[in-house]
Amino acid sequence: MSHSLMAPPAAASTGTPALEIRGLGKTFPIGGLFSRDSVRALHGVDLTIGRGEIVALVGESGSGKSTLARCVARLEKPSSGAILIDGVDILKRDRFQASRAFRSQLQMVFQDPFGSLNPAHRMDHFLRRSLAIHGKSGGSEQETQRRLAELMTTVGLQADMLNSYPHELSGGQRQRVAIARALAVEPQVILADEPTSMLDVSVRIGVLNLMRKLRDEQGISMLYITHDLASARYLADRTAVMFAGELVEEGESLDLLSNPAHPYTQLLVSAVPDPARAGTYDPVRRAELRQAVMASTHCAFDGDPNQPCSAEEPVRHQVGDPANRHWVRCHLYRPWAAAGGHALASEPIQSSAPASNAQEEASA
Amino acid sequence: MTISQVSFGSHEPVLDVKDLTVKYIGDTRSTTAVDHVSFSIGTGEVFGLAGESGCGKSTIANSIMRLLKDPAKIAGGSISFGGKDVLAMSPEELRRFRWQDVAMVFQSAMNSLNPVLTIGEQIVDIFTTHAGYSRKESLRRAGELLELVRIDPARLKSYPHQLSGGMRQRAVIAMAVALKPSLLILDEPTTALDVVVQQEIMAQIKDLQRELGFSVLFITHDMSLMVELSHRMAVMYGGRIVETAKAQDVYANPRHPYTQALMGAFPPLTGPRIPLTGLPDGVKFRNIPDLTEEAPGHFVAPFGGEPPAVDSANLEGAAR
């Protein structure tokens with residue numbers, strides 16, 4: 001592999017990625033006015049989304065995935081790092097607040113379709129506003145009407161629903177309207193923060209299928225934020241795992257979830273209920289993982305003087321076939337042990353020992 | 001009835017629900033939330049009730065606990081618990097029945113703790129009120145109870161906000177099993193929790209169940225979770241049971257199209273990535289007939305041909 005692990009082939013083939021996040025950090029001040037304490041919500045997050053690529057960001061509540069979404073959507077000001085859309089750093093371009101140009105490149109779909117649509121307006125209003133604000137109305141009323149109907153059809157709704165109020169629609173329909181509203185702007189990237197977690201189970205798959213269809217037909221890139229690993233596996237090309245504000249593992253979704261290398265990812269995967277593999281996970285091993293992972297505020301092995309993690313930032317190791325672009329950030333990962341089925345070394349490795357020939361610095 | 005004979009544990013059912021019908025009666029129109037539902041739960045059995053919001057599964061749980069409030073009315077059927085008629089209980093009998101015989105953990109259970117009382121005070125309250133123990137004895141038992149769900153007994157002095165969501169939920173479960181009820185009703189006990197915590201709580205419930213031997217009525221919309229925990233399960237749609245069988249049978253061979261749709265709504269974590277459809281948009285089942293036995297112990301509501309008794313306004317594309 002000659003090029004960086006971070007650059008997916010999709011991006012490599014078409015040049016600049018749709019969205020690139022470099023070393024993003026965010027700290028929140030805590031305590032009183034004169035307090036200097038702060039909590040680190042994000043630290044050195046690097047994430048690249050190629051054109052027409054769906055990347056899932058998974059993690060538990062408190063891992064920082066929503067903070068990342070809010071920073072990328074410019075609802076929160078990042079403390080450090082860069083966010084590049086089309087190779088342009090939008091934090092430098094629109095220094096103080098998000099510009100309209102930025103909003104037309106990146107749109108969000110929120111978790112709660114009940115709260116994100118004003119109950120006093122008809123569906124028509126939401127879509128029309130998006131079109132008007134971003135100058136996509138097309139000049140004439142006739143053209144606007146055509147666009148509105150087209151949007152509704154795209155998201156699988158009937159055009160006559162434009163005259164309905166939010167309370168007349170089901171959760172799934174409302175979420176489709178929210179997606180249509182994002183689409184009206186013709187964005188390059190859609191940021192979807194848990195778009196299905198508040199929907200009835202039987203309509204969730206429909207919304208995921210719609211997102212995939214939009215990617216396939218319109219080439220829209222997506223960052224899909226979820227805590228549901230199974231849906232990440234179903235929808236996303238690549239999955240990134242977030243833990244305590246850092247990305248700890250990333251790779252092709254299928255590969256990552258079948259060969260999780262980081263203890264946190266292993267814990268997450270082991271906790272997903274799946275009758276197909278009931279009882280295949282050793283509860284003792286799971287308890288150990290949980291103990292190691294949950295007791296810590298940074299990395300699972302932070303603070304242990306025997307672990308090199310405490311002294312230096314862990315580096316990225318490539319996992320398995322380079323084609324899967326699967327990497328993990330953990331000092332305990334030893335590629336030669338992976339073949340034995342137990343990827344994590346039980347005893348500490350020497351920091352001078354070469355972990356693997358595919359070792360790469362996580363400098364960003 | 002045939003269905004009540006098929007129970008996993010002993011032949012003596014702990015809970016026997018027959019032809020239960022619950023209506024929500026309004027001024028202008030009424031809705032039947034639960035329509036002639038029958039099932040039984042054997043001793044030590046975990047019975048699952050699956051379905052989506054609005055299908056009537058929580059209404060059933062509330063009927064069993066006699067917690068229904070106006071405008072909901074039990075319009076027909078019977079609920080018997082250990083041979084006693086629950087619907088005919090006097091307020092005094094009900095007081096004993098709730099918590100001592102049947103305990104319930106609600107969906108937002110972790111928010112049902114009183115924020116101005118310590119965990120210890122709230123558990124002690126159960127023992128002094130229902131079991132008549134002294135305060136000192138109650139405190140000792142409260143400590144044991146927390147140990148049972150692996151919370152440090154020192155936490156008795158903590159207030160609910162000082163505990164994490166998972167710990168609060170475990171404390172609530174500990175409170176529910178405090179008086180060793182013979183039936184525990186779990187209404188979506190883990191929906192608000194992270195997946196790792198959820199897995200832990202479910203393991204805890206399994207352990208407790210093995211240790212104390214109570215029966216469980218487990219209500220959830222998560223089919224994967226249900227199949228992992230339950231012995232037998234029923235799938236509800238629009239106030240009717242559309243399928244009931246051993247959980248593994250339902251998982252391996254779902255027969256009703258709605259069950260198949262629910263199963264299809266959860267992408268697997270193993271195997272190849274295959275396109276799923278969930279419930280086709282706009283599909284509604286109407287006039288679901290009574291269950292018939294299609295295989296030993298596997299009851300399914302008949303559905304005519306393909307597609308089944310379906311009101312398919314728009315099968316392709318349009319959202320429900």
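Proteins come first, then strands; the chains are lettered A, B, ... in the order of their sequence lines, and each starts at number 1.
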[X] versus chain B, heavy atoms under 4.5 Å apart: side chain, backbone, both or neither?
X: A:Arg233; answer: both
X: A:Ser258; answer: neither
X: A:Ser197; answer: neither
X: A:Leu229; answer: both

* Asked: Angle class for the A:Phe243/A:His262 ring planes (parallel below 30°, perpendicular above 60°, tilted otherwise)?
  ->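 Plane angle between 30° and 60°, so tilted.
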
* Asked: For chain B, which of A:Leu254, A:Leu268, A:Leu235 has the most heavy-atom pairs under 4.5 Å?
  ->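 Option with the top pair count is A:Leu254.
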
* Asked: For chain B, which of A:Leu257, A:Leu210, A:Val272, A:Leu169 has the most heavy-atom pairs under 4.5 Å?
  ->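 Of A:Leu257, A:Leu210, A:Val272, A:Leu169, A:Val272 has the most heavy-atom pairs under 4.5 Å with chain B.
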
* To do: Would you mind checking which part of B:Ile274 comes under 4.5 Å of any heavy atom in chain A, side chain (CB onward), backbone (N, CA, C, O), both or neither?
  => backbone

* Structure fact -> With sequence neighbours left out, the residues meeting side-chain hydrogen bond (donor to acceptor under 3.5 Å, both in side chains) with A:Glu150 are A:Arg146, A:Arg147

* **Top of B:Met202, B:Glu200, B:Met223, B:Gln198 for chain A proximity - count of heavy-atom pairs under 4.5 angstrom** =>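 Ranked by contacts with chain A, first place is B:Glu200.
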
* Using the benzene-type ring in the case of Trp, are the ring centres of B:Phe285 and B:His256 under 6.0 Å apart? -> yes

* May I ask you to decide whether B:Arg255 forms a salt bridge with B:Glu243, counting only side-chain N to carboxylate O separations under 4.0 Å? =>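 B:Glu243 and B:Arg255: not salt-bridged.
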
* Taking only residues two or more places apart in sequence or in another chain, which ones pass side chain to side chain contact (heavy atoms under 4.5 Å, CB included) with A:Ala240? ->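 A:Ala240 satisfies side chain to side chain contact (heavy atoms under 4.5 Å, CB included) with A:Leu47, A:Leu57, A:Leu247, A:Glu250 only.
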
* Are any of the side-chain heavy atoms of A:Val109 and A:Met211 separated by less than 4.5 Å? ->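 They are not in contact (no side-chain heavy atoms under 4.5 Å apart), so the answer is no.
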
